[in-house]
Amino acid sequence: MPEHMPHDHGQALEEVLEKMPPEAEFQKASDTFAQLCDSTRLRILWLLCHSEECVTNIAAAVGMSGSAVSHHLRVLKQTGLISFRRIGKEVHYTLSATPEAGLVHRMIDDIFDMNCPRNSIR
(Lines give C-alpha, C1' and ligand atoms only; values in the text may rest on other atoms or scores of the structure.)
Protein backbone atom coordinates (compact mmCIF):
# COMPACT_ATOMS: atom_id res chain seq x y z
CA MET A 1 0.00 0.00 0.00
CA PRO A 2 1.46 3.41 -0.95
CA GLU A 3 2.26 5.47 2.10
CA HIS A 4 0.21 8.45 0.88
CA MET A 5 -3.03 6.42 0.65
CA PRO A 6 -5.10 6.79 3.80
CA HIS A 7 -7.05 3.50 3.51
CA ASP A 8 -6.44 -0.05 2.33
CA HIS A 9 -9.67 -1.45 0.84
CA GLY A 10 -8.06 -4.62 -0.48
CA GLN A 11 -8.32 -3.52 -4.11
CA ALA A 12 -4.60 -3.81 -4.97
CA LEU A 13 -4.39 -0.06 -5.51
CA GLU A 14 -0.60 -0.17 -5.47
CA GLU A 15 -0.60 -2.42 -8.57
CA VAL A 16 -3.05 -0.14 -10.33
CA LEU A 17 -1.02 2.97 -9.53
CA GLU A 18 2.15 1.33 -10.85
CA LYS A 19 0.43 0.99 -14.25
CA MET A 20 -1.10 4.47 -14.29
CA PRO A 21 0.06 6.35 -17.42
CA PRO A 22 2.08 9.54 -16.95
CA GLU A 23 0.33 12.91 -16.70
CA ALA A 24 1.36 13.77 -20.28
CA GLU A 25 -0.76 10.89 -21.62
CA PHE A 26 -3.81 12.12 -19.71
CA GLN A 27 -3.18 15.64 -21.06
CA LYS A 28 -3.05 14.29 -24.62
CA ALA A 29 -6.36 12.49 -24.12
CA SER A 30 -7.87 15.60 -22.56
CA ASP A 31 -6.73 17.75 -25.49
CA THR A 32 -8.31 15.31 -27.93
CA PHE A 33 -11.62 15.23 -26.08
CA ALA A 34 -11.59 19.02 -25.81
CA GLN A 35 -11.97 19.15 -29.59
CA LEU A 36 -15.37 17.54 -29.23
CA CYS A 37 -16.66 20.36 -27.02
CA ASP A 38 -17.11 22.71 -29.98
CA SER A 39 -20.13 22.08 -32.21
CA THR A 40 -18.43 23.62 -35.25
CA ARG A 41 -15.45 21.31 -34.90
CA LEU A 42 -17.84 18.38 -34.46
CA ARG A 43 -19.60 19.32 -37.71
CA ILE A 44 -16.27 19.60 -39.52
CA LEU A 45 -15.09 16.29 -38.05
CA TRP A 46 -18.34 14.61 -39.07
CA LEU A 47 -17.90 15.87 -42.63
CA LEU A 48 -14.25 14.76 -42.74
CA CYS A 49 -15.15 11.34 -41.36
CA HIS A 50 -17.09 10.80 -44.56
CA SER A 51 -15.24 12.73 -47.24
CA GLU A 52 -12.02 14.47 -48.15
CA GLU A 53 -12.63 18.19 -48.71
CA CYS A 54 -10.88 21.49 -49.32
CA VAL A 55 -11.34 24.52 -47.06
CA THR A 56 -13.70 26.19 -49.56
CA ASN A 57 -16.09 23.23 -49.60
CA ILE A 58 -15.91 22.77 -45.83
CA ALA A 59 -16.68 26.47 -45.32
CA ALA A 60 -19.67 26.27 -47.66
CA ALA A 61 -20.92 23.08 -45.98
CA VAL A 62 -20.85 24.54 -42.47
CA GLY A 63 -21.81 28.11 -43.46
CA MET A 64 -18.65 29.81 -42.24
CA SER A 65 -15.85 31.88 -43.70
CA GLY A 66 -12.76 30.13 -45.00
CA SER A 67 -10.60 31.82 -42.37
CA ALA A 68 -12.85 30.62 -39.53
CA VAL A 69 -12.80 27.08 -40.91
CA SER A 70 -9.02 27.27 -41.34
CA HIS A 71 -8.70 28.11 -37.64
CA HIS A 72 -10.75 25.04 -36.67
CA LEU A 73 -8.77 22.85 -39.07
CA ARG A 74 -5.50 24.07 -37.58
CA VAL A 75 -6.67 23.10 -34.08
CA LEU A 76 -7.84 19.69 -35.28
CA LYS A 77 -4.52 19.08 -37.05
CA GLN A 78 -2.62 19.89 -33.85
CA THR A 79 -4.40 17.09 -32.00
CA GLY A 80 -3.83 14.67 -34.88
CA LEU A 81 -7.52 14.05 -35.56
CA ILE A 82 -7.30 15.19 -39.19
CA SER A 83 -4.67 14.96 -41.88
CA PHE A 84 -4.20 16.74 -45.17
CA ARG A 85 -2.65 16.40 -48.58
CA ARG A 86 -1.90 18.89 -51.32
CA ILE A 87 -3.56 18.52 -54.70
CA GLY A 88 -2.04 21.21 -56.85
CA LYS A 89 -2.62 24.49 -55.02
CA GLU A 90 -5.44 23.11 -52.89
CA VAL A 91 -5.15 21.39 -49.54
CA HIS A 92 -7.62 18.58 -48.90
CA TYR A 93 -8.48 17.43 -45.38
CA THR A 94 -9.79 14.14 -44.08
CA LEU A 95 -10.00 12.21 -40.83
CA SER A 96 -6.61 10.81 -39.82
CA ALA A 97 -6.00 7.08 -39.94
CA THR A 98 -5.18 6.92 -36.22
CA PRO A 99 -6.82 4.97 -33.40
CA GLU A 100 -7.86 8.27 -31.74
CA ALA A 101 -9.52 9.55 -34.92
CA GLY A 102 -11.22 6.19 -35.44
CA LEU A 103 -12.60 6.36 -31.91
CA VAL A 104 -13.94 9.87 -32.54
CA HIS A 105 -15.61 8.65 -35.74
CA ARG A 106 -17.26 5.74 -33.92
CA MET A 107 -18.36 8.05 -31.10
CA ILE A 108 -19.92 10.50 -33.52
CA ASP A 109 -21.64 7.78 -35.54
CA ASP A 110 -22.62 5.30 -32.85
CA ILE A 111 -22.99 7.05 -29.54
CA PHE A 112 -24.56 10.24 -30.87
CA ASP A 113 -26.46 8.41 -33.64
CA MET A 114 -25.06 10.66 -36.39
CA ASN A 115 -24.69 7.74 -38.76
CA CYS A 116 -22.24 7.56 -41.61
CA PRO A 117 -24.07 8.34 -44.86
CA ARG A 118 -22.02 5.68 -46.68
CA ASN A 119 -23.55 3.02 -44.43
CA SER A 120 -27.07 4.09 -45.39
CA ILE A 121 -26.46 4.45 -49.14
CA ARG A 122 -26.92 1.00 -50.67
Side-chain angles (χ1 to χ4, degrees):
M1 181 76 180
E3 293 178 20
H4 66 280
M5 300 306 297
H7 298 110
D8 180 358
H9 296 290
Q11 300 294 322
L13 183 58
E14 186 172 321
E15 291 175 31
V16 172
L17 291 175
E18 287 174 7
K19 295 178 182 173
M20 181 180 276
E23 174 62 27
E25 292 298 313
F26 285 103
Q27 186 61 53
K28 180 181 174 187
S30 176
D31 292 344
T32 299
F33 282 115
Q35 301 314 306
L36 305 178
C37 294
D38 184 285
S39 64
T40 298
R41 278 195 285 276
L42 268 178
R43 291 172 66 206
I44 292 170
L45 277 170
W46 186 89
L47 179 66
L48 297 179
C49 283
H50 306 108
S51 64
E52 180 182 62
E53 294 297 339
C54 66
V55 173
T56 303
N57 283 352
I58 297 168
V62 298
M64 297 180 73
S65 70
S67 62
V69 166
S70 290
H71 166 74
H72 288 292
L73 292 170
R74 190 170 29 261
V75 172
L76 291 168
K77 279 192 310 188
Q78 289 173 347
T79 58
L81 290 175
I82 64 170
S83 56
F84 67 95
R85 67 184 179 115
R86 289 198 173 277
I87 301 175
K89 292 184 179 185
E90 282 189 331
V91 177
H92 288 223
Y93 296 87
T94 191
L95 191 72
S96 291
T98 63
E100 296 86 358
L103 175 62
V104 169
H105 184 181
R106 287 190 306 280
M107 285 173 45
I108 291 170
D109 280 359
D110 297 342
I111 295 173
F112 300 111
D113 199 26
M114 297 179 188
N115 295 320
C116 180
R118 292 191 180 140
N119 292 339
S120 62
I121 301 172
R122 294 193 185 194

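Quantities reported herein were computed from a predicted structural model and do not represent experimental measurements.
- For the side chain to side chain contact (heavy atoms under 4.5 Å, CB included) test with Val69, the passing option among Thr56, Asn57, Val62, Thr40 is Val62; the others fail.
- Judged as a salt bridge (Lys or Arg N to Asp or Glu O under 4.0 Å), and not counting sequence neighbours, Glu90 has no contacts.
- Side-chain atoms of Ser30 do not come within 3.5 Å of backbone N or O of Phe26 as any donor-acceptor pair.
- For Arg43 (side chain) and Ser39 (main-chain N/O), no donor-acceptor pair under 3.5 Å exists by modelled atom type.
- Here the straight-line distance linking atom CD1 of Ile82 with atom NE2 of His92 works out to 13.0 Å at 0.5 Å rounding.
- Of all heavy-atom pairs between Ser96 and Ala101, the closest is O-CB, 3.2 Å.
- Between Gln78 and Arg74 the shortest side-chain heavy-atom distance falls below 4.5 Å.
- Applying the side chain to side chain contact (heavy atoms under 4.5 Å, CB included) rule to Arg86 yields the partners Val91; only residues at least two apart in sequence or on another chain are considered.
- By the 30° and 60° cut-offs, the orientation of the rings of His50 relative to His105 is perpendicular.
- With hydrophobic clusters built from ILVMFWY side chains whose heavy atoms lie under 4.5 angstrom apart, Leu73 does not share a cluster with Val75.
- At a threshold of 4.5 Å between non-hydrogen side-chain atoms, the residues Leu81 and Leu48 do not count as touching.
- Contact detail for Leu95 and Cys49: the closest heavy-atom pair is CD2-SG, 3.8 Å.
- Cluster annotation: Ile87 and Phe84 are assigned to distinct hydrophobic clusters (Ile/Leu/Val/Met/Phe/Trp/Tyr, side-chain heavy-atom contacts under 4.5 Å, transitive).
- The OG atom of Ser83 lies 8.0 Å from the CD atom of Glu52; values are rounded to the nearest 0.5 Å.
- Hydrophobic clustering, with ILVMFWY side chains joined whenever heavy atoms are under 4.5 angstrom apart, groups Leu76 together with Leu103.
- The shortest heavy-atom contact between Asp38 and Arg41 is OD1-N, 3.0 Å.
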Verdict with supporting geometry, Leu36 and Met107, side-chain contact (heavy atoms from CB on, under 4.5 Å): CA-CA 10 Å; Leu36 305 178; Met107 285 173 45; 3.5 Å; yes
